[in-house]
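Please read the structure below before turning to the comments.
Lettering of chains follows the sequences in order, A, B, ..., and the numbering in each one begins at 1. Computation of the quantities below employed the complete heavy-atom set of this structure, encompassing side-chain atoms and omitting hydrogens, waters and symmetry-equivalent molecules.
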Amino acid sequence: MSNSDLFQGYKGKALEVLKKYNVRVWGQAEINTTRGAFKGTVLPRSENDDEFHIVLKVITGYNIGIDVNNITSMTETGFKKANYAIPEKEFPYTKGLPSVKLFGTGGTIASRLDYRTGAVIPAFSPGELYGAVPELADICNLETEKIFAVFSENMGPAQYIALAKAIGKEIEKGTDGIVIGHGTDTLHHTGAALTFMCQNLPVPVVLVGSQRSSDRPSSDAALNLMHAMKTAGESDIAEVLVCMFGPTSDEYGLLHKGTRVRKMHSSYRSTFRTIGDTPVAMVSRDKITPIKKTYNKRRSDKDVVIKPYFSDKVTMLYYYTGMKPDTIDLLVEAGYKGIIFVGTGLGHVNKELYPAIERAQKAGVHMYMTLQTIWGYVHMFVYDTGRDMMAKGIIPAGNMLPEVAYIKLGWALGQTDDPEEVKRIMLTPINDEITEREPYNGYLVYQGGVPEVEDFIRRVHK
Amino acid sequence: MKKSFDPKLNYLETLNKIGYINRKQASQSDYDRIGFMSGLEVHQQLLTEKKLFCHCPAGIYHEDEEYDAEIIRHMRPTLSELGEYDGTALMEFKTRKKIIYRINNDNACTYEVDDTPPFPINREALNAGLQITMLCKMNVVGEVHITRKQYLDGSIPTGSQRTAILGVEGEIPLKNKKVKLIQLSIEEDSCREISDIAHTRVYKTDRLGMPLIETVTYPEFVNPDEVKEGCDYIRFLNRSTGKVRTGIGASRQDVNVSCKGGTRVEIKGVAHTKWIPELTHNEAFRQWALLAIRDELLKRCNASDWEMEAVKLDYDAFSVTYPPIKEARDKGEELYAVKLPCFKGILSHFTQPGKVFADEISERLKVIACIEKPHMVHTEDFEPIITDADMEIIQLMLSANLEKDAVLIFWGPTNDIKTALETIEERCKMAFEGVPSETRKSFEDGTTIFERVLPGADRMYPDTDSAPIPLSDEYIDNLKADLPKDLYEYILMLRKWNIPEDTFTYILSKNLMPLIIRIVEDFNISPKHVALLFAHKLKHIEGQYIQSPEFTYDKIYELIKFLKDEDLHCPLGVKMLPVVYEHPNMDFHSVLTTIKFKKKNKKDIIEQIPFLKAKFAANPQNNSNENMINFIMGQLKPSAIGNMNMDELYNEVVNQIKIK
């Protein structure tokens, strides 16, 4: 064993002390300190924690830390390395069930403890998944493939392209549906990217994650997985969907279009909401109930069109009241070819920026306007400022969500530089990233405290 | 039923055979005979403004129906840090419970329902916990690591309790010995259960997340009274800091019990220490009985060969008259008969006062298979329910021989039958091994029922949401500087003051020693007087009058100060006390008016003696000196109390009579 394995995670003073007394990680140790004696198994230490403590698992199963400065002596009396592995059981094949492919990208959908960071790392094989969520075997015949293992915030254009290609191959092989396990932070970015990159899908492509890691008994991972597998295997919705909890209760999931969904709460289970429209459908363990009347139907052909393009010369500018023109100038100077503005109200920025916007237009930068209000349409004709900006080349992006507009512009610029062609791509919806109408129930943010809302909340599990 | 076997008689015979005796008659030698052994886990809520890991107020409770929203969760077992599944976790998963949490916006936020990660630990709670750790003479850890302890019963919405060790290896003194402590941990309190019917359990989240400490002793108590003594000591020690909550539910203990050859069984949530002796006594004997059952079964057959047989019954084949079975039939539930080979005389074997082995099976059917009672009858019910004719048919179906086998009939929803059969088989097989390790729920009558399989160390997981908290020597020293006096020193002090032992509980449980000492020192009054003023006089008043919510023990300090300042004598305070107790905000002069007290000087009182002597003597029937003293004292006392010392008055009266 190498030194780093022997003293996993320890550094500085703590490492010195372990070496001095010849005590290893996973060694059973008796430690005398100025605060009395302690006994237990030395555990690895998280790399981000300080170098002055040794972690000990005591006989009752609890962990404690010992200050190395207080240690007067220490002996290793035994050694037993823990074997943390989700019990692997072969995923059974059941004739008659749909075949579903699960792509792993990382994230908390199935995970276990990582001593390096003290956080959780993904566990993934069908065997592991079956060991953790045996119910999956009643839903589909599962195959898995780990495409990469990154946390959601590290997903980017290269990953979108790799995923799109993998989806194309899998459809070619004839799968009944695809599930993508994904960290939740940028799930909606990937949802948009795959909608643009994988067109004319014959089968569902379902993105799923979990808000509570699967190493917790109350995790939403198992139910989300069941919902996603059921959707991929059985539903007739051949679109890129995000499948996450509807309410925070363990009741049903919602299927959101990859282009209209957004993560709206940092930690709630029900964090994903369809914005400006209704979700496509509800899914429970028993059934899938459509909400929208029309959607792209499942087909038996394999005629998917994969368009794996992306330019990373696109940026997003969240406007704030004191924004200076040099913010834009510097971006242009740095070579950015596309800017998504996230403006106030109906789509505004201050006049001070106008000269910089003009300079950007001259430099050939493609500029689109989206909204900080998240809900609603950009309306740049209502006020003069809006008209001024349009004159200077900023194009209103309808009710396209800011993140979706960013992804779409990157995808468009990956294909062409021609302003008219880019504009045509941007404003021609591929799957409702811009909708013609906003239904009344597309914006329902209930206000707590209001009596009728409180009455509803008390009766209905949200 | 064959009349030759009398289950009731069998119960009594087996009770005698294992040597069960009433606790009141039991002596140490009885406990030594069965190898009584017990340890404690004492839970104590800390008195903080906010909860442990979020900023909700602590200690605001609400009624079951006062909720703003309900949330549903299901729990799923996960691996421990060491890669093992925990037994309890798997049992709870088997029960397939739907858990409903009731949330009230006044005392719960998104943290309680596990929709927000924890905030940094409440320092007020941590510091109080650390001080108690030091008072327990423990080795304080160098760094606090928050651990997630899995609980799949739903009592915590995250499915795990956040908890951390503050110290290990301490001790407490009892009258005759010292008892070692394993550890002290700080943890978040759990939900309060509203109901648990079939597959649905309802909790409220008001208590959830309140800071709590748990003190764990080694199993060193050797008789039931010792367990109570140890428990009281730990509770009083906690209270001596003044930083813990009191009142219903603020302290609860789990009591671990075993007998020689038995297993550690945990009696959960005992709310009063006075229940401990009966509960531990009965539990030790229950285990003793289970060991006798094991020996008897092993004599009869080979454990590895033992297999039960089950058959589904058709309601129509029998004359169903027992109302619960009729009801089951109407609800479309299934009816099963099970042969338990070699179990004759076992089902009605004594286990606890008024309970038999069949109850052990029935309790598990309720908890694990979620089938509500009544759900079974058997061949050893005290009052036979199945007719002989019906039993003959069943006997044939199962080829059971009632001379040596027992038959059990149960019913329940179709979906629960599989788990029910497994549960019955599992419990019967465990009978060949002895005592299953389990947690049990206690009742006031001293008996217990099965609650869950006893969890082990396999349910611990580091809390990846919380960073470790270092405890520097300086931090610890600062807390140490602010420690109250050692509880044991208080006990020694009370003994030295020569105060009856039966008053200790009152004084220590209310943490009155610091106040008593302050009164003694500030006003130079005898400690015994002050201690008894609380433990006898005030205790009596508490039983007679209604306490104002504004009354605090410090009022008594003020009262004594008032008497001293006004040059009034202490016995007057006792007369004022009921008024002060009910109206603590009334000023003391008004209290004196209320009790009709008038200030007089000593001379005026003493001057009345000759007149009273004459008045007494005027009646020829009055002749003894003793009667005269009593008469005069009786006349003077009401106005003298508070104005002069009673002993002095008495001496004056005696002197004046002698002068005669």
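- B:Glu169 and B:Tyr218 share a side-chain donor-acceptor pair at under 3.5 Å.
- For B:Ile182, the part lying under 4.5 angstrom from a heavy atom of chain A is the side chain only.
- Among the candidates A:Leu56, A:Thr33, A:Val133, the residue making the largest number of heavy-atom pairs closer than 4.5 Å to chain B is A:Val133.
- With a 4.5 Å cut-off on non-hydrogen atoms, A:Val68 does not touch chain B at all.
- Salt-bridge formation is detected for the pair B:Arg162/B:Asp463: a Lys NZ or Arg NE/NH1/NH2 atom is positioned less than 4.0 Å from an Asp or Glu carboxylate oxygen.
- Residue B:Ser472 touches chain A through its backbone alone, counting heavy-atom pairs closer than 4.5 Å.
- In summary, A:Arg45 and A:Asp50 engage in a salt bridge, as defined by a charged side-chain N under 4.0 Å from a carboxylate O.
- Scanning residues 447-457 of chain A against chain B with a 4.5 Å non-hydrogen threshold yields A:Glu454, A:Ile457, sorted by number.
- In this structure, B:Glu422 pairs ionically with B:Lys418, as a charged nitrogen and a carboxylate oxygen lie closer than 4.0 Å.
- Between chain B and the residues A:Asn70, A:Ile66, A:Thr41, the largest count of heavy-atom pairs under 4.5 Å involves A:Asn70.
- Under the 4.0 Å criterion applied to side-chain N and carboxylate O atoms, B:Glu188 and B:Lys51 are not assigned as salt-bridge partners.
- Checking A:Ser219 against A:Arg216 by side-chain atom types alone, no donor-acceptor pair falls below 3.5 Å.
- Here the CD1-CE distance, from A:Ile31 to A:Met74, works out to 4.0 Å after rounding to the nearest 0.5 Å.
- Residue A:Asn69: no heavy atom, backbone or side chain, is found under 4.5 Å from chain B.
- Under the 3.5 Å distance criterion, with hydrogens and angles disregarded, a donor-acceptor pair is assigned to the side chains of A:Gln211 and A:Thr184.
- Between B:Glu193 and B:Lys268 there is no salt bridge, since no side-chain nitrogen of the basic residue lies less than 4.0 Å from a carboxylate oxygen of the acidic one.
- Considering only heavy-atom pairs separated by less than 4.5 Å from chain B, the leading option among A:Arg269, A:Arg459, A:His461 is A:Arg269.
- Counted by atom type alone, A:Ser46 and A:Asn48 present zero donor-acceptor pairs between their side chains at under 3.5 Å.
- For the options A:Gly36, A:Ser266, A:Ser218, heavy-atom pairs under 4.5 Å to chain B are most numerous at A:Ser218.
- A side-chain donor-acceptor contact under 3.5 Å links B:Glu143 and B:His145.
- When heavy atoms are compared at a cutoff of 4.5 Å, B:Leu471 approaches chain A by way of both its backbone and its side chain.
- Contacts between B:Ala467 and chain A at a heavy-atom distance below 4.5 Å are absent for every atom of the residue.
- Residues A:Asn32 and A:Thr72 bring no donor and acceptor atom of their side chains to less than 3.5 Å of each other.
- The contact between B:Asp473 and chain A is made by backbone and side chain atoms together, counting heavy-atom distances below 4.5 Å.
- Comment: B:Arg102 engages B:Glu65 in a salt bridge, judged by a side-chain N to carboxylate O separation of less than 4.0 angstrom.
- Residue contact with chain A, scored on non-hydrogen atoms closer than 4.5 Å, involves the backbone of B:Pro157 exclusively.
- Each of B:Asp114, B:Ile99, B:Thr110 has some count of heavy-atom pairs under 4.5 Å with chain A, and the biggest count is that of B:Asp114.
- B:Leu483 and B:Met134 make their closest contact through CD1-CB, 4.0 Å (heavy atoms, listed as atom of the first residue, atom of the second, distance).
- Neither the backbone nor the side chain of B:Lys98 comes within less than 4.5 Å of any heavy atom in chain A.
- With respect to chain A, the highest number of heavy-atom pairs below 4.5 Å among B:Ile165, B:Ile156, B:Thr147 belongs to B:Ile165.
- With a threshold of 4.5 angstrom between heavy atoms, B:Val216 does not approach chain A through any atom at all.
- Both the backbone and the side chain of B:Thr116 come within contact range of chain A, judged by heavy atoms closer than 4.5 Å.
- For the set A:Pro247, A:Ala37, A:Ser270, the entry with the most heavy-atom pairs within less than 4.5 Å of chain B is A:Ala37.
- In summary, B:Asp115 and B:Arg73 engage in a salt bridge, as defined by a charged side-chain N under 4.0 Å from a carboxylate O.
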